[in-house]
Every structure is written in C-alpha cells, then in structure tokens.
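Side chains included, hydrogens not; waters and symmetry mates left out as well; all remaining heavy atoms used. Proteins get letters first, then strands, A, B, ... in listed order; numbering begins at 1 in each.
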Amino acid sequence: MAQNISAAAPKTRATSGRPSGAEGRKRGAVRLQGRGVTIAIVVCAILVVVGIALWMVQLSGGMVQTGMRNRDSWGLYLTNFMFFVGLSAGGLIISSIPNAFGMKGFGPISKVAIWSSVCCVCVAIGLVVVDLGGPARLWELFVYSNLSSPLMWDILVLGTYLILSLVYLWAHLRHEAGRMSHVAMRVISIIALIIAVSVHTVTAWIFSLAPAHEFWHTALMGPWFVASALDCGTALVLIIVVALRRAGYLKLAQSNVTNLSKMLAVFVLVDLYFFACDLLTSGYFGAGSDVVEMLTTGALAPFFWSQIICMAIAVVMLVAPRMRTDAGVCIASALVIVGVFFKRVQIMLGGFQLANVTLGDVANEFTMTNWESGIVALGYNGVVYWPTPLEWGVTAGVIALGVLMLLLGLRYLPLNPTEDDQAEQEAAIEAQAQAAAPAEA
Amino acid sequence: MRYGMAIDLKRCSGCKTCSVVCKVANNVPEGILWNRVLTDGGEAPDTSSGTYPDASIGYLPVQCNHCENPACVKACPVGATWKDKETGIVHQDYDKCIGCRMCIAVCPYTGIRSFNWQEPKNYADYPLGDAKAAVHQKHTVEKCIFCEHRVAEGKKPACVEQCLARARTFGDLDDPDSEVSKLIATRETQQLHPEFGTNPSIYYLV
C-alpha cells in the first residue's frame, strides 16, 4: 500500500506548496500531486474493475471456484477481513490516543491516520460482502437481525465505527478551523478510542465464541486481536507518514518517528507475549497440545515461524538507534505487517485444521479443499485450505479500492497538517539540531 | 415436545441405506449428503483399524443432531437457521440464508452442514423425492431437517423408516412413554461430543 506512495511520489514532483486563497494558505495547501500518484490511482482503478468482474464470475459460476469448502468454510476473504479490521482499528487508536490524553507532537499525522483507518475499514466491509453467498440479501441483516450472533454484533460495530471515523475526521477539521471546543474534541477522541478497541474485540469474538474450535476458543483472543491491531496499525501509519514526509506532504520531527518506532516495538512484544501465554496454556497439559504441535511443527509451521522471525527482526530494527533511518523504519514496519498477516492466516486455518469428528469418511469436491484422494483424513495432511486465483483477484480488487481511496484522499481532502502543527514540528526539528550541534563541536 | 432419535450402533451394519434414502426423500443435490455413515476403523471408509487378528471396525451414522442448545441457531446473523419450540427440530430457511457460513464454522460436528457451492444439480432431469421437499438454492447452507415435511404428516423420517437393520428409532424425547425414551432409559447411551454443551437430540445406543 505504502510502496505506491513512496515510489510514486518523488520529492521534486510531489510537492506543490502553492497557496490558493486564504483557506489554502491556512492549511498549507500541500496535496499529493505528481504523475506517479496519478499512475497509481489509475492502476488501482483498473484493479478495482477487474476485481468486480471476477466477483461477478464468482457469483454467477458459484463459489465452487474458490478454495473454500464445507470443512474449511472461510478463507482468504475473511483472513484479510480480520487483518484489515486490525489495521484500521490500530490506526485509529494511534491517532486518537494523543488527542484523548493531550499528548503533543502527533498533530500532523492524526488526520492521515484516521483516513487510512477509514480506507482499511471500507476494505474490511468489502471483503465481508465478497465472502457472502447472497450479497443481494444483505438487507436482511438489518431486518432480521439476530442479536445473539457475534457476526451481527460485528456488522453493527463496523457500521458505527465507519460513521464515527468520518465524524472524527470532520471534528478534526472543525477543531482546526476554530469551530469546535478543545473539550468536545477530546470527548470525540475518547469515544473513537473506545469504539476502535471494541471493533477489533468483537471481530475476535466471531472466532473465540465458537467452543468447537480448540484454537479459537480462548478468552485471550479479544485482547490479542487488539494487540495485533496496535502493532500493524502503528506500522502502517509509520510507513505512510515517513513516505509523506519524504514526499514533502508534511513535516515531522525525527523524535516523533523515534517515539512511534519505540511504541511499535513495545506493541510487537506485547503481541508476542500474548501468543506465548496462549501457547503455554494450550500446550502445557491435555488436548491443546494439538494446537502447539500444529503451529510449531505441523501444517502451519511455515506461517508460525515466519511470523516470529519477521517480528523478532522488526523489534531489533526498531530499538537499535542506528537502524531507525527512514528505510529502516519502513522495512521494520513492513515486517510487522507481514508478521501480523501470517498470524491471521494461522488463526483462520488453525480453526479448521483440527476437526472434531475425524472418523473415516468419503471426501468429494464440496466437502474439503484437498479432496482428490477421496478420503477425508488425507485431506488434512498439509494445509487444509489454499485460495484459488479467483480469490486472489477479488481480494486484490477490494484492497485496491482501499488504496485508491487513500490516494484520492491524500490528493483531494484537506488531510495535510495545519500551519500550527507544522510550526510545532519545525520548532522541534530546530531544537534537536541545536541540541546536536554543541556535541559535534 | 422434542423430537429425537436413538441409533443402535449394535444393529448398524454400515450399509448406508440411510444416506441414500435421505438423498432421495429430500432431493439432496449432487455431491451433498445430509446423512453420512462414518467408519470407526482405518482412515478410509469401510476399512478396519489394526491388523488381523486384532482388527476392528464399527460404524457411526451422523446427521444434524438437532441440539437442544444449538450453536448454529445462536450464531446465524439473520435467523435463517432456527429452532422450532413446538418440535425441537432445527430448521433451515433457504430463502433467508445469506450464505455467510457462520453456522458451518460454529457447528461442533465437523461436516454436518453443507453449502451449495454451485447451482444445485439433480441426478435426474426432474426433482426427486417427496413433493413437499424444499427447493435447494445456490449459495445457501443446508443440512438434515429430520424430514420435517414427513414428520408434520405424522410419518417418520425417511432414514428411520427404511433402515434395513431397524437401528433407528424416532420419537418424542419429552414423552417418557415413547419408544425412543424407553430405549434411552434402558440402554447405555452416548451423544456425539456432549462436552460442547449442545445436548444433541440424537442418542447412540452402544
């Protein structure tokens, strides 16, 4: 996602500091210009159209064209759904905490962080829609709502969350224009923080409230999802702001990047700590040892160890001062995002990989992904599910929609920092330079 | 009233007649089985575990358990799968199902529920089975419905009526004088995975 921006927005082209009118001067009127960004927008739009076409193929020809089957009834779509809800919630948490608690220094990034959250939650909603067998029946969710279903809770919270994110962004702009009190802004920030934490907790409950799946049924799932949201959300915000700083879109003192990087390292360690707690509880005694075996040496070992390695390297890069260059921070953040994605894969596949009823049975083309042997037990050798090209294509289309929204927002919405925010950053940059100067002399 | 079933595992011979008659009675589409007979032995169907002379084989017929406390009913976001308080049958409403497959994910009995991953196909050019069998729909979930249309007319489910070994008994679990209740009271019984708290309405006589 962020690669598009950094690659597409070289410093010389992207900046256009022309003030246009009084309103423009006040905001600095920096927009993400440049041919590279235009090309990225066009590419995304094409991917969206291709994705919609593939979705129509899926609906008309049937979901038999996906890799999902009765014994692994969810796949790439909902894996990415949880991943993007996490990205979104994490971004909003990172942007609302400084406002809610009156922390200084993060002003320039909060609007960009909120907008990236809006884009991510739209991707998440899009992924639920393409996963449905009957999207034309979506209206039933609001007419026949079964309020005991965690999926229903999630639909309600996601909708509230999307609306609230937009309200929050609007409140930011009103506040900057001096039309909203500081207290009101803080209250909205606190509400945004709470709803961002709850949106990801409820997403965790879709899985953890299913006692039939050993790997899913743990009370830790909610806090664990929030921890993952914090690390991948912060990582995404870091990549975006470092890229935008390079593109001249905003100014940000290195001390703030350093602080965010250190926070990210802590979040990643908390995420790993939760994983360790859960693995110990599962594996120490009894039936849960199947879960530990599946992750460490079984079918999901490649995803498990890749996640651990990605996150371990990222933590080292984030805490070592010499590696906290722009490139270093972006690489570490990307490793965190990849690590969290692999964790999502483990959660999704891990639920279906361990079946409750394992007696001898016939497999056919509808019962499981690996059915060719005709024997159910053999279908569980190796990974139980793998997506088809159609699923990759539809997923790419939905994600492209999010990137498209992000780029259009950066180009056309007033998400860039105010002069006050920029002045604050400039002062911080100057103070740092002065502090460094005597040491050099 | 709570309809339930007792299946005598000492009588079941693994002939799979129940699977076939269920498909016919309910016009179950190609590739889907509401009623399956699992082999308690080797990995492959109809194989034994161990080697001669210590080999063993058994059969376990499985279908929707019509649980007293069904996980699927609680999880369905639109109430397309619902429990009939009058009969205890867990119904499936094809016109309502949005195809989210949440019920499949939460059902503890792996493989019980089936999704129509494509346009349902008939084996014949015309629909088979009972006239009142519901029309199957693409991208909706389906499962055993205890032959609700037959039961409503006072008949037994097709699998019960046609079981060659007479292993299946259907009736009201709430009525202590029903044949099924007497069997459960007098024989040693098991339910499938009772540890999930669903309280299945299918009892195995062992």
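- Contact of B:I98 with chain A is made through backbone and side chain together, with heavy-atom distances under 4.5 Å.
- Contacts between A:Q58 and chain B at a heavy-atom distance below 4.5 Å involve the backbone alone (N, CA, C, O).
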* To do: Please test A:V398 against A:F84 for side chain to side chain contact (heavy atoms under 4.5 Å, CB included), starting from the C-alpha separation and ending with a verdict.
  => CA-CA 11 Å; A:V398 180; A:F84 275 91; over 6 Å; no
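- We find the OG-CD1 distance between A:S149 and A:I206 to be 7.5 Å, quoted to the nearest 0.5 Å.
- For the pair A:R69 and B:F115, the cation-pi criterion (under 6.0 Å, within 45° of the ring axis) is not fulfilled.
- In this structure, CG on B:L205 lies 5.5 Å from CG on B:L183, to the nearest 0.5 angstrom.
- The greatest number of non-hydrogen atom pairs below 4.5 Å with chain A, out of B:T47, B:V62, B:I104, is found for B:I104.
- The contact list for residues 138-146 of chain B toward chain A, using heavy atoms and a distance under 4.5 Å, reads B:K138, B:H139, B:T140 by residue number.
- Neither the backbone nor the side chain of A:M368 comes within contact range of chain B; no heavy atom of the residue lies under 4.5 Å from a heavy atom of that chain.
- Residues passing the ring-ring contact (aromatic ring centres under 6.0 Å, His included) test with A:F341 are A:F83, sequence neighbours excluded.
- Chain B forms more heavy-atom pairs under 4.5 Å with one residue of A:H217, A:Q65, A:M68, A:E365 than with any other, namely A:M68.
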* Which is it for B:Y123 and B:K23 under the side chain to side chain contact (heavy atoms under 4.5 Å, CB included) test, yes or no, and what are the steps along the way? -> CA-CA 10 Å; B:Y123 288 88; B:K23 284 204 71 140; 2.9 Å; yes
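- Taking non-hydrogen atoms and a 4.5 Å limit, the residue list of residues 71-93 of chain B in contact with chain A, ordered by number, reads B:V73, B:K74, B:A75, B:C76, B:P77, B:V78, B:G79.
- Judged by distance alone, the side chains of A:T66 and A:Y77 never bring a donor and an acceptor atom under 3.5 Å apart.
- In this structure, CG in A:N146 is found 10.0 Å from CH2 in A:W153, a value given to the nearest 0.5 Å.
- Between chain B and the residues A:M63, A:H213, A:M152, the largest count of heavy-atom pairs under 4.5 Å involves A:M63.
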Listed pairs under 3.5 Å, donor-acceptor, residues 349-361 of chain A side chains, sequence neighbours left out:
residue: A:Q353; atom: OE1; partner: A:V384; partner atom: N; Å: 3.1
residue: A:Q353; atom: NE2; partner: A:Y380; partner atom: O; Å: 3.3
residue: A:Q353; atom: NE2; partner: A:G382; partner atom: O; Å: 2.7
residue: A:N356; atom: ND2; partner: A:A212; partner atom: O; Å: 2.9
residue: A:N356; atom: ND2; partner: B:P108; partner atom: O; Å: 2.9
residue: A:D361; atom: OD2; partner: B:R36; partner atom: NH1; Å: 2.4

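- Heavy atoms of A:L78 lying under 4.5 Å from chain B are absent altogether.
- By the neighbour-count criterion of 12 heavy atoms within 6.0 Å, atom CD of B:E119 is densely surrounded, having more than that number from other residues, nucleotides or ligands.
- Remark: the B:W117 side chain and the A:N70 side chain contain an N/O donor-acceptor pair separated by less than 3.5 Å.
- Atom CD of B:Q191 has more than 12 neighbouring heavy atoms from other residues, nucleotides or ligands inside a 6.0 Å radius.
- Within the 4.5 angstrom heavy-atom criterion, atoms from both the backbone and the side chain of A:E140 approach chain B.
- Here B:K96 is the residue among B:Q137, B:K96, B:E43 with the most heavy-atom pairs under 4.5 Å with chain A.
- Only one option out of A:F215, A:F81, A:W216 pairs with A:F207 in a ring pair (Phe, Tyr, Trp, His ring centres under 6.0 Å); it is A:W216.
- Ranked by heavy-atom pairs under 4.5 Å with chain A, the first of B:A105, B:A44, B:C107 is B:A105.
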* To do: Test A:L127 against A:T395 for side chain to side chain contact (heavy atoms under 4.5 Å, CB included), laying out the working first.
  => CA-CA 7 Å; A:L127 286 162; A:T395 306; 4.2 Å; yes
